[in-house]
Protein chains: 2
Amino acid sequence: MAATMKDIARLTGLGLATISSYFNGGNVREKNRVKIEKAIEELHYEVNEVARGLKTNATKTIGVVIPELNNIFCAEIITGMEDILRSHGYATIVCDCRTDKKLEQEAVEFLIRRRVDGIINMPVDETGAHLKRFQKTGKPIVLIDRKIQGISCDSVLVDNKKAAEDAMQLFIEKGHRKIGIIGGPEGIFTAEERLEGYYTALKKAGIPIKNSLVYHGDYTIQGGVRGLEELVRENPDMTAVFVTNYEMTMGAMIGVNELGIQIPEQLSVIGFDNLQFARACRPKLTIVSQPTDRIAREIARIILEHLEKKEERSEEPFMEKLQTEIMEGKSVSILNR
Amino acid sequence: MAATMKDIARLTGLGLATISSYFNGGNVREKNRVKIEKAIEELHYEVNEVARGLKTNATKTIGVVIPELNNIFCAEIITGMEDILRSHGYATIVCDCRTDKKLEQEAVEFLIRRRVDGIINMPVDETGAHLKRFQKTGKPIVLIDRKIQGISCDSVLVDNKKAAEDAMQLFIEKGHRKIGIIGGPEGIFTAEERLEGYYTALKKAGIPIKNSLVYHGDYTIQGGVRGLEELVRENPDMTAVFVTNYEMTMGAMIGVNELGIQIPEQLSVIGFDNLQFARACRPKLTIVSQPTDRIAREIARIILEHLEKKEERSEEPFMEKLQTEIMEGKSVSILNR
DNA sequence: CTGAAAGCGCTAACAA
DNA sequence: TTGTTAGCGCTTTCAG
């Protein structure tokens, strides 16, 4: 059995309050401080955060609910966040809900039972129903990457529409007009925004929209493979494809390889995220790159702000929108019209 | 403030023990069961796992300490484990120690304070010093992928030596004799085993070892890039390279691309892990593939076994060794001697 | 089957 | 500054 504060009290002859005070930054007489530290050493004492959590009604734990840990965008954000949160004494419980609304709901309930101090969520259920119960606790919720309807809370987003517009702009400048898109699942915020950017850019350039050029994918590698295959099959005259997330970009490259298509001679491609992957492609892929690091830092900052100073609650929800960047490779050809 | 069992007791007129018994699968009179359930509904009661944890001295939480969440091998294993553990009611606190021994040590202490019921660790410190303290609690430790010296506990490993031998065997069969290797960091168990396999295969084939063909990398993408560049520079006659983890494989492909090397005409390559990446390479990469899914399931199974039935402790440490598989692509040429 | 009561390890008044 | 004490919400004897 682990040592407790009582053991320290007994060993030092001091009262519990003194020990507690020592641990919580109170003033303790130098002589006693030394005694306590010696006892800690001897007993191998480690604070029991469980007991502390029960007493203070704060577990120093925050829950993270994401659609897929294998998704590299999620993994990178979590890595960054966890680092910061832990350095502030917060533990992170990550729940991967496999892009399943029911599992997402269960994950939130699981976290409620564990009395986490806050939840960070990249939501699958766009109605936000799964967060209703947690929000009633008055504890903070921060949304990553996706807005939802029913819940008013802080969020860190990416300017997806602009991201897509930028990519399309690049294609259009280089003379492309038959441009396909491998989009994300319907109902997902980022997917809709990116698609909107696609349409807007075409409209601005006066290029008519063609339905067969729009493939509705599912943000998975297999979806990317299928998307590329279908777009190529349905549109023999297509000269360029924009792929709207990393997994599908990898899938599209698999498709390109397996069909033996030459990039950029036969097809120009702009992908999404993971600069290292883009470098590993032949030729180097042009991509839209999201600032995952910034996102991670902002999320951590926001939730820590809520957690540390409890005053400023119930203000306007804060929404931060970060910009993406295009990293040019050699996967876009210049078309002579 | 959240509802407590007391509130349920008050609302139903029952005693605390009855409510507790209800939650813990005891027998409760049908009539009371209904009453309790109604009260739960009304009060939006959710069990407080913190209080339960304090009382039962079991937090239903397990800590996971890994070198790098961004490492895809880690991420996949964790995803698989977390899924299983959560479905058994266990939360997972993942600590990414950034391949830093000091951070690894801190992570373990952090988890001790939170009184996790067990630790799963892919160790960075090969002496195991960081686990000593936790082991004294008598709670289970399971090691992933790497053995360590000082600690006797269960582990799930991969037959790394055989994996490397198989890859080398493939090269040798196809007529390669000047084969380079991009190895992992010294002191890391898997890296040493893979290197050993490399040497063994060469010896068996009667091929002399050449030091300039052995690059000591660090399991990072950048390390892979540098490794490939250096091997190519130092060994103009090298015909094949074996890369010993996924990140370095990606790095090697970046290097190959940036140097404009043709695979497999100018250089044959066998990489490691991530079949999807291998498919996305042109030409499709031949890789050694580790059974991440199996590893995840085995780890979860082992720790759950320890956690559920506490009898069979202090037995012989259980070591499981899983086999890898070669997934053939088109990145290895047949050499006519 | 159910109720009363003790106590897990800690914090936070309050008193000294 | 330090000691005493009362809980935080739950489980778990022990009676009834």
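Just so we're on the same page: letters track the sequence lines, and every chain starts at 1.
The distance from atom OH of A/Y45 to atom P of C/dG9 is 10 Å, rounded to the nearest whole Å. With rounding to whole Å, A/M5 atom CE is found 13 Å from C/dC8 atom C1'. The interatomic distance linking B/N57 (CG) with C/dC10 (C1') rounds to 14 Å, in whole Å. Taking atom CG of A/L16 as the reference point, atom P of C/dA12 lies 13 Å away to the nearest angstrom. We find that CD1 of A/I36 is positioned 13 Å from P of D/dT1, with the value rounded to whole Å. When the C1' atom of D/dC10 is taken as reference, atom NZ of B/K6 falls 10 Å away, rounded to whole Å. The separation between A/R115 atom CZ and D/dC10 atom C1' is 11 Å, rounded to whole Å. Between A/R114 atom CZ and D/dG9 atom P the separation is 18 Å, expressed in whole Å.
The shortest distance between the side-chain N/O atoms of A/T18 and the OP1/OP2 oxygens of D/dT2 is not below 4.0 Å. Phosphate proximity of D/dT1 to A/N32: absent, as no side-chain N or O sits under 4.0 Å from OP1 or OP2. Phosphate contact (OP1/OP2 of C/dT11, side-chain N/O of A/T56, threshold under 4.0 Å): absent. In this model, the phosphate group of C/dC10 is not approached by any side-chain N or O of A/Y22 to a distance below 4.0 Å at OP1 or OP2.
Among the atoms of the strands shown, none is found under 4.0 Å from any heavy atom of B/V50.
Where B/R29 and A/N24 each meet DNA chain C at their nearest nucleotide, the meeting point lying more 5' is that of B/R29.
Within a 6.0 Å radius of NZ in A/K38, no more than 12 heavy atoms belonging to other residues, nucleotides or ligands are found.
The side chain of B/K55 has D/dG9 as its nearest neighbour among D/dC8, D/dG9, C/dC10. Here C/dT11 is the nucleotide among C/dT11, C/dC8, D/dC10 with the atom lying nearest to any side-chain atom of A/R52. Candidate nucleotides C/dA13, C/dT11, C/dT2 were compared by shortest atom distance to the side chain of A/A17, and C/dA13 ranks first. Comparing C/dC1, D/dG9, C/dT11 by their closest approach to the side chain of B/N27 singles out C/dC1.
Looking at A/R146, its side chain never comes within 3.5 Å of a backbone N or O of A/F189 through a donor-acceptor pair. A donor-acceptor pair under 3.5 Å links the side-chain atoms of A/T59 to the main chain of A/R115, judged by distance alone.
At a threshold of 4.0 Å, the pair B/E49-A/R114 does not count as salt-bridged, since none of the basic side-chain nitrogens sits closer than that to a carboxylate oxygen.
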Worked check of side-chain contact (heavy atoms from CB on, under 4.5 Å) between B/N71 and B/Y219: CA-CA 9 Å; B/N71 177 306; B/Y219 279 170; 5.7 Å; no
